[in-house]
Amino acid sequence: GTDYTYQITNNINAGDAIVTVTGMGNYDATTTQTENFTIKKREITLTAGSSSQTYNGQPLTNGTVTVTSGEVASNQTFHATVAGTITNAGSVDNVITSATVTADADGADVTANYIITTQKGTLTITKVTPEVELNKETAAIDFENTVTFDATPKSSPAINGTWQVTSSSTAHVTVAEYENSATDNTAKTFTLEGRSATTEAVTITVTFTPSDTHNYNIATKTLTITQVNKINATLPTQIIAHSSTYNGQSHTITVSNDQVGGNIVYSYSLDGGNTWSDWSSIKPERTEAGRTDIKIKVAGDSNHNDSSEATS
C-alpha cells in the first residue's frame, strides 16, 4: 500500500513551488519532508509584421504580431500593441510597444509567467514612377523643316513637374525653345528642327521631373528620328538664252547665281538634243554660227538632292 501522502503548493505560476511528503501506514505520521522546486518562466518571441507598398499618398501600417519562437501556454492568449506608420517614401521600424498574456478562462493577467522578447518589423514605401506618354515613337524630318510631337505625364497620385527634351545629335536635330512646365495628364507639344541631313538615327530623350522627387522617380521616354531627309535643290531664278549674229566672239547663256542647295552644272548638245555631254561646272560657249542646246541643273550638296533640269 501507500505509506505516504504529498501536497504541492505554489505550483501554477513561475517561481518556487513546495512539495511536502507526510508518512502514513508503517511510517510515523509526524514524519514529513519538504522540498522546493522551480517553475521556469515560459519564453516566447513576438515579431511585428512587415509591409511595403508603392507611394500612393496613404499611410501604411501593419498591426500584425506573430509568435516566432516558443509558444503561449494552452488556454492563454497574448495581446500586443504596435506603433509604426509611414506615408512618404522610405522605411520605418514597426515596433511592438506593449505585450501581455491573459488566461482565457477569466482574463487574468499571467504575463509575469513569461519572458517576452519582441522583434520589430519594417514598413517600406517605394517611390512611384510616372509614365511619359508620347503620341509617336518614330518620325523623319526634312532638312530645314520641322516635326512636332506631344508628351503627356501620367501618374497616380497626380503630380506636376518640369520637362527636359534633348537631342543625341544637335548637329542634325535640334529642339525648338519650349516652356518647360508639365501638368499631369496634360499634353504638351514640342517641335524638332532638321539641321543637317543624315541617314543615322537621332534619339530624342524626353524627361519628366516631378515636383516631388522624394516620392516620385524621374521618368524618361525616347523618340527616334529615323533620318533627316535631303530636300531638292532649286534652280537659279534667271536662265536667259543667247541669240545673235556671228561676230567672231564667243557667246553663252546668262544664269543668275541665286540657286539654292549646291553648284550649277551644265550639259550641252550640238546635234539638236540627240546626244549630250557629261555634266560640268564649266558653262558652254559658242563662237561659230549654229545652235548649241544647253541643259542646266543644280548638283545637290550634303543636304540637297539634285534640282530639276532646265533647257536653254
Stepwise side-chain contact (heavy atoms from CB on, under 4.5 Å) check, Asn257 with Gln259: CA-CA 6 Å; Asn257 193 33; Gln259 77 279 3; 3.2 Å; yes

Any side-chain heavy-atom pair of Glu144 and Asp142 under 4.5 Å: no

Shared hydrophobic cluster for Val110 and Phe78 (ILVMFWY, side-chain gaps under 4.5 Å): yes

Value rounded to 0.5 Å, distance of CG in Asn145 from CD1 in Ile231: 6.5 Å

Where Asn274 and Ser269 come nearest, the two heavy atoms and their spacing: N-OG, 3.8 Å

Salt bridge present between Lys41 and Glu43 (N-O < 4.0 angstrom): no

Sole candidate of Val202, Leu192, Ile225 that passes side chain to side chain contact (heavy atoms under 4.5 Å, CB included) when paired with Ser167: Val202

Ser181 and Glu179: CA distance, side-chain angles, deciding distance, side-chain hydrogen bond (donor to acceptor under 3.5 Å, both in side chains) verdict: CA-CA 6 Å; Ser181 64; Glu179 199 277 315; 2.4 Å; yes

Non-hydrogen atoms of Thr129 and Asn217 that approach each other most closely: OG1-ND2, 2.8 Å

Side-chain donor or acceptor of Thr97 paired with backbone N/O of Thr81 under 3.5 Å: yes

Candidates Thr224, Val147, Val165, Thr222 - the one meeting side chain to side chain contact (heavy atoms under 4.5 Å, CB included) with Ile204: Val165

Carboxylate-amine/guanidinium proximity below 4.0 Å for Lys295 and Asp293: no

Any donor-acceptor pair under 3.5 Å from Ser155 side chain to Pro130 backbone: no

Single-linkage hydrophobic cluster, 4.5 Å side-chain cutoff, Ile96 and Ile115 together: no

Joint cluster assignment, Val95 & Ile44, ILVMFWY side-chain distance < 4.5 Å: no

Heavy-atom side-chain contact between Ile218 and Pro210 under 4.5 Å: yes

Glu309 CD to Ser267 OG distance, which is reported to the nearest 0.5 Å: 8.0 Å

Chi angles and distances behind the side-chain hydrogen bond (donor to acceptor under 3.5 Å, both in side chains) call for Asn303, Ser196: CA-CA 6 Å; Asn303 293 313; Ser196 63; 4.8 Å; no

Verdict with reasoning, Thr102 to Thr77, per side-chain hydrogen bond (donor to acceptor under 3.5 Å, both in side chains): CA-CA 6 Å; Thr102 59; Thr77 302; 5.4 Å; no

Lys297 side chain reached by Trp279 side chain, heavy atoms, under 4.5 Å: yes

Distance, nearest 0.5 Å, that separates CZ of Phe143 from CZ of Arg195: 9.0 Å

Worked check of salt bridge (Lys or Arg N to Asp or Glu O under 4.0 Å) between Lys283 and Glu285: CA-CA 7 Å; Lys283 187 187 298 183; Glu285 296 181 350; over 6 Å; no

Test item: Asp93 side-chain N/O and Thr122 main-chain N/O as donor-acceptor pair under 3.5 Å: no

Donor-acceptor contact present, side-chain Asn232 to main-chain Ser307, <3.5 Å: no

Crowding at CD1, Ile282 (>12 non-hydrogen neighbours, <6.0 Å): no

Check against side-chain contact (heavy atoms from CB on, under 4.5 Å), Val206 and Phe149: CA-CA 11 Å; Val206 183; Phe149 69 93; 3.8 Å; yes

Same cluster (ILVMFWY, side-chain, under 4.5 Å), Leu134 and Val173: yes

Under 3.5 Å donor-acceptor, Asn113 side chain and Thr111 backbone: no

Shortest non-hydrogen separation from Ala89 to Tyr55 and the atoms involved: N-CD1, 4.5 Å

Side-chain touch Gln164/Thr209, heavy atoms, less than 4.5 angstrom: no

Side-chain (Arg42) to main-chain (Glu71) donor-acceptor, under 3.5 angstrom: yes

Connected via hydrophobic side-chain network under 4.5 Å: Val65 and Leu60: no

For Val128 against Ser156, the heavy-atom pair lying closest together: CG2-O, 3.9 Å

Pro284 backbone acceptor or donor facing Thr252 side chain under 3.5 Å: yes

Pair Trp163 + Phe208: ring centers closer than 6.0 Å: yes

Heavy atoms of other groups near Tyr216 OH, more than 12 under 6.0 Å: yes

Over 12 non-hydrogen atoms of neighbours within 6.0 angstrom of CG in Asp271: yes

Candidate pair His242 and Thr254, rule side-chain contact (heavy atoms from CB on, under 4.5 Å), full reasoning: CA-CA 8 Å; His242 176 82; Thr254 300; over 6 Å; no

From Asp150, Thr148, Asn135, residue fulfilling side chain to side chain donor-acceptor pair (under 3.5 Å) relative to Thr189: Asp150

Where Val101 and Asp109 come nearest, the two heavy atoms and their spacing: O-OD1, 3.3 Å

Test item: Ile264 and Pro236 side chains (from C-beta on) under 4.5 Å apart, heavy atoms: yes

Pair Thr191-Thr146, side-chain donor/acceptor within less than 3.5 Å: no

Residues Asn88 and Asn215: side-chain donor-acceptor under 3.5 angstrom: yes

Closest contact, heavy atoms only, Asn62 versus Asn94: O-ND2, 2.8 Å

Distance, nearest 0.5 Å, that separates OG1 of Thr87 from CG of Asn56: 9.0 Å

Trace of the side-chain contact (heavy atoms from CB on, under 4.5 Å) decision for Thr292 with Leu270: CA-CA 5 Å; Thr292 298; Leu270 301 176; 3.5 Å; yes

Short side-chain to backbone donor-acceptor contact, Thr198 and Glu200, under 3.5 Å: yes

Distance, nearest 0.5 Å, that separates OH of Tyr246 from NE2 of His251: 9.5 Å

Side-chain heavy-atom pair Ile141, His172 within 4.5 angstrom cut-off: no

Rounded distance [0.5 Å steps], OG in Ser69 versus CG in Leu46: 10.0 Å

